[in-house]
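Have a look at the structure below, then the notes.
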Amino acid sequence: MTEELVVRLRKAGYKITPPRLAVLEVIQREGEHLNPQEILEQAQAIHPQTGRATVYRTLELLTNLGIVRPIYVGDSGPTYIRAEGGHHHLVCSCCGRVVDFEQCVADSMERDLEERFGFRIQSHLLEFYGLCADCNKTAVVHAPPA
């Protein structure tokens, strides 16, 4: 997959520098819920001269090319996920905890939407917001009497 990404970047007119390649390797290896600081640290382990600006520029480039997408959960800024396929979360509105889950009922909805609107869907993001088990227990304990 990294080679495919390299080809896409070259076709789009971008150079493949060692720091940029390190960022690509991190995204390929990890791929899910990485913030720019985590990407920087892991990329520096691969290529120590990788700088923060390179990470941000590469993430912007990869977002523009549809390779990754930022997701915003809570106040901690964006984390990045691969853009292809489906991605599914349960997000706690209280503590910000994010739980990934694989089961997806959107696949049949995708096919229906494609047929009805002639739209070719490449990926989707499905998020449910509520209270995680821990916050739900705390909310029940601290709930005012009815």
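For clarity, every value in this text was computed on a predicted model and none was experimentally measured.
- In this structure, CZ on Arg52 lies 8.0 Å from CD on Gln44, to the nearest 0.5 angstrom.
- The hydrophobic cluster containing Val55 also contains Ile16, counting ILVMFWY residues as joined when their side-chain heavy atoms lie under 4.5 angstrom apart, directly or transitively.
- You'll find the side chain of Leu62 reaches within 4.5 Å of the side chain of Leu9, heavy atoms only.
- Grouped with Leu113 in one hydrophobic cluster are Met109, Phe117, Phe119, Ile121, the linkage being side-chain heavy-atom contacts under 4.5 Å among Ile, Leu, Val, Met, Phe, Trp and Tyr residues.
- From Thr58, atom OG1 reaches atom CG of Leu24 across 7.0 Å, with rounding to the nearest 0.5 Å.
- How far CG of Leu65 is from CD of Glu60: 10.5 Å, rounded to the nearest 0.5 Å.
- Between atom CD1 of residue Ile67 and atom CD of residue Glu4 there is a gap of 8.5 Å, rounded to the nearest 0.5 Å.
- Side-chain contact between Tyr80 and Asn35: absent, with no pair of heavy atoms (C-beta onward) separated by less than 4.5 Å.
- With rounding to the nearest 0.5 Å, the separation of OG1 in Thr63 from CZ in Arg69 is 10.5 Å.
- Scanning all heavy atoms of the two residues, the minimum distance from Ala43 to Val26 falls at N-CG2, 3.5 Å.
- Leu90 is not listed as a side-chain neighbour of Cys132, based on a closest heavy-atom distance of 4.5 Å or more.
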TODO: Please lay out, stage by stage, how Asp134 and Arg97 fare under the test side-chain contact (heavy atoms from CB on, under 4.5 Å).
DONE: CA-CA 10 Å; Asp134 292 338; Arg97 181 178 179 193; 4.2 Å; yes
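- Taking the salt bridge (Lys or Arg N to Asp or Glu O under 4.0 Å) definition, one finds that Arg120 meets it with nothing, sequence neighbours left out.
- No option in Leu40, Leu34, Ile39 other than Leu40 meets the side chain to side chain contact (heavy atoms under 4.5 Å, CB included) test with Gln37.
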- [ ] Could you go through the side-chain contact (heavy atoms from CB on, under 4.5 Å) check for Glu25 and Gln42 one step at a time?
- [x] CA-CA 9 Å; Glu25 287 181 30; Gln42 293 182 37; over 6 Å; no
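- Arg20 places a side-chain heavy atom less than 4.5 Å from the side chain of Tyr14.
- The two residues Thr50 and Ala22 come nearest to each other via the heavy atoms OG1-CB, 4.0 Å.
- Side-chain atoms of Leu59 and Pro36, non-hydrogen and from C-beta on, do get closer than 4.5 Å to each other.
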